[in-house]
Amino acid sequence: MIARGLLAAATAIVLAGGLASCATTKEEFMRPQEAQQQAVEILEGTMLASGATNWVPDRKGLTIPQECVLNGQSGVTFGHGAYTTTLGPDPLADAQRVADYWGTLGIKSRIVTDPVPRVFGEGGPVNAISFSTAPTYAISVGGPCVPGNPYDFYDQTPTPRPWP
């Protein structure tokens, strides 16, 4: 009986060690549609955080699927963006609000102020993201790479989202 207990404990330790060595990311389990929606939500959240209004989404609000590589396999990532000519009175404060918002999402960001305030970010729910304050306010989102085929999304033309 004791031998069975020791064998079970040893097996559990080996299995736990084996599982711990198989590192995976949440992107490996994310469906392309979820990654696409996430890119849209991050864009919308960044627009709100900036304090600017009258945003015009790129491509009538549609994301652009692009090919990427995830763990040696072909994958899909979704890009998105928007701009506005309605600039805030304090671009540096707007850039700081954007950086703070991204921080809540787990995006590591840095603010560059020369020649104009800009924010660059990476990690968390994006591959890369940027916010610029000149000549217009502009946002560019590059979503994570997830399993999928970008060509499955080229022929889809969903109804554009209504934008604030």
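Being a predicted model, the structure only gives us computed values, none of them experimental. We use all heavy atoms of the structure for the numbers below, so side chains are in, but hydrogens, waters and symmetry mates are not.
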Please check if the side chain of His80 supplies one atom and the backbone of Gly61 the other of a donor-acceptor pair under 3.5 Å.
-> yes
Look at the side chain of Ser132 and the backbone N and O of Ala138, then say whether any donor-acceptor pair between them is shorter than 3.5 Å.
-> no
Any chance you could measure Tyr83, atom OH, to Ile139, atom CD1, to the nearest 0.5 Å?
-> 13.0 Å
d(Ile42 CD1, Ile107 CD1) to nearest 0.5 Å is 5.0 Å
For residues 72-79, tabulate all N or O donor-acceptor pairs below 3.5 Å that involve a side-chain atom, not counting sequence neighbours.
residue, atom, partner, partner atom, Å
Ser74, OG, Glu67, OE2, 3.3
Thr77, OG1, Gly143, O, 2.6
Thr77, OG1, Pro144, O, 3.4

What residues join Val112 in its hydrophobic cluster, counting side-chain heavy atom gaps under 4.5 Å, either direct or through other members?
-> Phe120
Could I get the full list of salt bridge (charged side-chain N to carboxylate O under 4.0 Å, His left out) partners for Arg97, not counting sequence neighbours?
-> Asp94
Side chains of Asn54 and Val56 in contact at under 4.5 Å (non-hydrogen atoms) = no
May I ask you to list the residues sharing a hydrophobic cluster with Val116, side-chain cutoff 4.5 Å, ordered by chain and number?
-> none
Any luck finding a side-chain donor-acceptor pair between Gln37 and Gln33 under 3.5 Å?
-> no
Is a side-chain N or O of Tyr137 found less than 3.5 angstrom from the main chain of Gly88, in a donor-acceptor match?
-> yes
Under the side chain to side chain donor-acceptor pair (under 3.5 Å) test, which residues partner Gln96, sequence neighbours left out?
-> Asp100
Distance from Thr63 atom OG1 to Gln38 atom CD, nearest 0.5 Å?
-> 12.0 Å
Heavy atoms of Leu70 and Pro147 approach each other most closely as CD2-CD, 3.5 Å
Set of side chain to side chain contact (heavy atoms under 4.5 Å, CB included) partners for Ala95, sequence neighbours left out | Pro117, Val119, Phe131
